[in-house]
Amino acid sequence: MNKETEIKLRASRDTLVALQAHPLLKKRNKSGWEPRELSNQYFDTDARDLARARVALRLRRDGEQLIQTLKSRGQSVAGLSERNEWDWYLSEAELDLAKLDDSCWPASLAELDKQQLKPIFTTDFLRQRAEIAWGRGKARVVIEAALDLGKVIAAGQEEEICELELELRQGEPEALLELAAELAADLPLMPCDISKAERGYRLFDEGSYNLHLPAPALQAGQSLDDAVAAIGWYLLGSSQRLAEQYRHNGHWRLLVDWQQCLVDLRALLGSLGQAAPRASSSELRQALDSLLDDWRPRILAGQQDETARHNAPGQFASELENCRWGLFSLNASRWLLARSWTLARNTRGDRQGAAPLQSWLQTLIAEEGRDLQLKRYQQQPEDLAEQLPRLERLLLWLHLARGVLDVAESDRLFGELSKLAELAKRPLSREELDLRMTQAQIVMSLKPWKTLLKLS
């Protein structure tokens, strides 16, 4: 068994050509680009038992070689994937079911009759492969770069494969992200947490691509630093999966949810105080502000205007044709992997980062709640929009961490604050002003709101 650590980056045909000539890859290329034609047949049952067990089984023809491979889904976070892989070289182009024994076969499939396995889809592509190697400090890094161009064919449908895969052979995972980010600074490369097998299954059923990553299971006693990492990976990974699926089918709700992930990431970075010195997140905050400055008005317009919704897929395609989104995603992954917010903070910041989440969160909500000054916006509702960043910070933590608060009816508080935030975004009118005043009063009257303001 091998452990595979890789990152996939969606590209265009022009970008694949440009990558072969990119100065960084040319300098570190130790093998030259080697072309291979790869034909892959994937197998499953009619009931898709393997897909549900999060494994993929394929038979690959690579020149004269026939390779049977079983892959587990493993751990995949924000495009950086770790999974177990078993390979067997065969003499005939037929599955060798005897290889699928207890040493690799999932326990959840122990009762499956393997005779039910049948071909379900193919992925055929031309791979340009190169060994990329360099010295990183005192360590040597070796990465296999693969430029893949071809198609997935399933149930009479097909989807183009056009991507860069970077697979770690030697060195630390940080090196994968560093190389990817350096390339994405020059070329449009979009981290995409979807395997070729998942693309095949998606052609059968769009709903098979799981957009909803499990929310982080935050605990009252865990440190703030651990909570920041868990929330950050969750939001970033979710944003990448939503972007991939919206690019694929253009469903409006996916774009709305993608933007919400960006809003939540921005709120996370803005809520941490001295636990994350501003200098440590300056680049990420600027990138998020740039994205949100462009996409907030489009989403707001699309909520009311069908023409705006119709234009959005083309605008999103244009977004993916420049470097902004991919580079932000990769730099955010690097920031999270290295826990960069912890590296240059003062003693007070270290104490905050190590603080139990529950006590830190109670203090944050009490301080943000008092600074929100809801009583003022009962008299001046036209100014509520200026408090939207503070509302978004409160909503982020109440959404993902309200379970650690020992406060009754926190779900209702989250719902009523969400309504107030939506009103803060909408164009002003006499009716909207009245709604803002009423909603501010509702929030102020809630018992959990009064309780939280007294906790710090």
Side-chain angles (χ1 to χ4, degrees), residues 5-38 62 78-81 123-136 141-152 158-169 171 173-196 199 236 239-240 243-244 246-248 283-284 286-287 290-291 294 313-334:
T5 302
E6 67 176 18
I7 187 167
K8 293 179 184 292
L9 300 157
R10 183 178 287 281
S12 67
R13 289 174 176 247
D14 289 343
T15 296
L16 290 188
V17 173
L19 283 165
Q20 293 188 59
H22 192 281
L24 186 62
L25 294 183
K26 287 184 72 173
K27 178 181 178 181
R28 297 175 176 178
N29 192 333
K30 306 304 178 183
S31 64
W33 293 100
E34 174 192 354
R36 295 179 175 180
E37 289 192 8
L38 302 177
D62 181 356
L80 189 64
S81 301
T123 64
D124 300 325
F125 51 93
L126 175 65
R127 167 166 287 178
Q128 299 279 349
R129 175 196 168 280
E131 181 182 283
I132 309 299
W134 72 98
R136 183 174 178 266
V141 175
V142 180
I143 289 173
E144 179 178 296
L147 310 175
D148 292 344
L149 180 61
K151 63 180 65 175
V152 182
E158 63 180 56
E159 179 184 341
E160 184 177 63
I161 296 168
C162 194
E163 65 188 19
L164 165 65
E165 281 190 11
L166 298 173
E167 183 176 346
L168 188 66
R169 298 297 194 188
E174 291 89 341
L176 274 180
L177 291 170
E178 288 172 8
L179 176 60
E182 288 180 278
L183 297 173
D186 298 327
L187 297 167
L189 292 166
M190 172 184 164
C192 58
D193 186 16
I194 183 170
S195 68
K196 295 179 177 71
R199 292 184 194 182
L236 183 59
S239 73
Q240 291 176 354
E244 164 60 29
Y246 181 71
R247 183 212 61 80
H248 175 70
E283 185 177 348
L284 295 182
Q286 290 175 20
S290 175
L291 282 160
D294 286 343
Q315 294 167 336
F316 195 72
S318 297
E319 178 69 61
L320 301 185
E321 288 171 2
N322 68 51
C323 298
R324 181 169 66 170
W325 164 243
L327 185 58
F328 162 74
S329 293
L330 290 163
N331 282 336
S333 292
R334 293 175 65 191

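Atom-to-atom distance recorded for Arg36:CZ and Arg129:CZ is 5.5 Å, nearest 0.5 angstrom. If you take CD on Glu6 and CG on Leu168, they are separated by 10.5 Å, rounding to the nearest 0.5 Å. To the nearest 0.5 Å, atom NE2 of residue His248 and atom CD1 of residue Ile194 are 7.5 Å apart. One finds the CG atom of Leu16 at 8.5 Å from the CG atom of Leu189 (value rounded to the nearest 0.5 Å). Rounding to the nearest 0.5 angstrom, the gap separating the CZ atom in Arg127 from the CG atom in Leu149 is 12.0 Å. Leu320 contributes atom CG, which lies 8.0 Å from atom CZ of Arg247 (distance to the nearest 0.5 angstrom).
Listed here is the closest heavy atom pair of Ala145 and Trp33: O-CZ3, 3.9 Å. Summarising the geometry of Phe328 relative to Ala287, their closest heavy-atom pair is CD1-CB, 3.8 Å, with the distance given to 0.1 Å. Considering all non-hydrogen atoms of both residues, Ile143 and Trp134 come closest at CD1-CH2, 3.6 Å. Residues Leu19 and Leu25 approach most closely at O-CD1, 3.4 Å, considering heavy atoms. Heavy atoms only, all atoms of each residue included: Leu236 and Ser239 are closest at O-OG, 2.7 Å. When every heavy atom of Cys323 is checked against every heavy atom of Pro188, the shortest pair comes out as SG-N, 3.8 Å.
In this structure, Ser329 and Met190 have side chains that are not in contact, with every pair of non-hydrogen atoms separated by 4.5 Å or more. You'll find the side chain of Val17 stays beyond 4.5 Å of the side chain of Arg13, heavy atoms only. Put simply, the side chain of Leu330 reaches to within 4.5 Å of the side chain of Ile7, judged on heavy atoms. When side chains are defined from C-beta on, Asp124 does not count as touching Ile161, because their heavy atoms never get closer than 4.5 Å. In this structure, Phe125 and Cys162 have side chains that are not in contact, with every pair of non-hydrogen atoms separated by 4.5 Å or more. A 4.5 Å side-chain heavy-atom check between Asp193 and Glu244 finds every atom pair outside the cut-off. You'll find the side chain of Lys196 reaches within 4.5 Å of the side chain of Glu163, heavy atoms only. Contact of the Glu167 side chain with the Leu176 side chain is not registered, since no non-hydrogen atoms from C-beta on lie closer than 4.5 Å.
Residue pairs meeting the side chain to side chain donor-acceptor pair (under 3.5 Å) criterion with at least one partner in residues 22-31, sequence neighbours excluded, are His22-Asp186.
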(request) Let me see the working for Leu183 and Leu164 under side chain to side chain contact (heavy atoms under 4.5 Å, CB included), right down to the final yes or no. (result) CA-CA 11 Å; Leu183 297 173; Leu164 165 65; 4.0 Å; yes
(request) Test Glu319 against Leu291 for side chain to side chain contact (heavy atoms under 4.5 Å, CB included), laying out the working first. (result) CA-CA 9 Å; Glu319 178 69 61; Leu291 282 160; 3.8 Å; yes
(message) Could you walk me through whether Arg324 and Asp294 satisfy the side chain to side chain contact (heavy atoms under 4.5 Å, CB included) test, starting with their C-alpha distance in whole Å, then the side-chain angles of each, then the deciding distance to 0.1 Å, before giving a yes or no?
(response) CA-CA 12 Å; Arg324 181 169 66 170; Asp294 286 343; 3.0 Å; yes
(message) Assess the residue pair Glu131 and Val142 against the criterion (side chain to side chain contact (heavy atoms under 4.5 Å, CB included)); give the C-alpha distance rounded to whole Å, side-chain angles, the decisive distance to 0.1 Å, and a yes or no.
(response) CA-CA 7 Å; Glu131 181 182 283; Val142 180; 3.7 Å; yes
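When each of Glu321, Glu165, Glu159 is paired with Arg10, the salt bridge (charged side-chain N to carboxylate O under 4.0 Å, His left out) condition holds for Glu159 and for no other.
Using a cut-off of 4.0 Å between Lys/Arg side-chain N and Asp/Glu carboxylate O, Arg136 and Glu178 are scored as salt-bridged.
Counting heavy-atom neighbours within 6.0 Å of Glu160 CD, excluding the residue itself, gives a total above 12.
By the salt bridge (Lys or Arg N to Asp or Glu O under 4.0 Å) test, Arg334 is found to be paired with no residue, residues two or more places apart in sequence or in another chain being considered.
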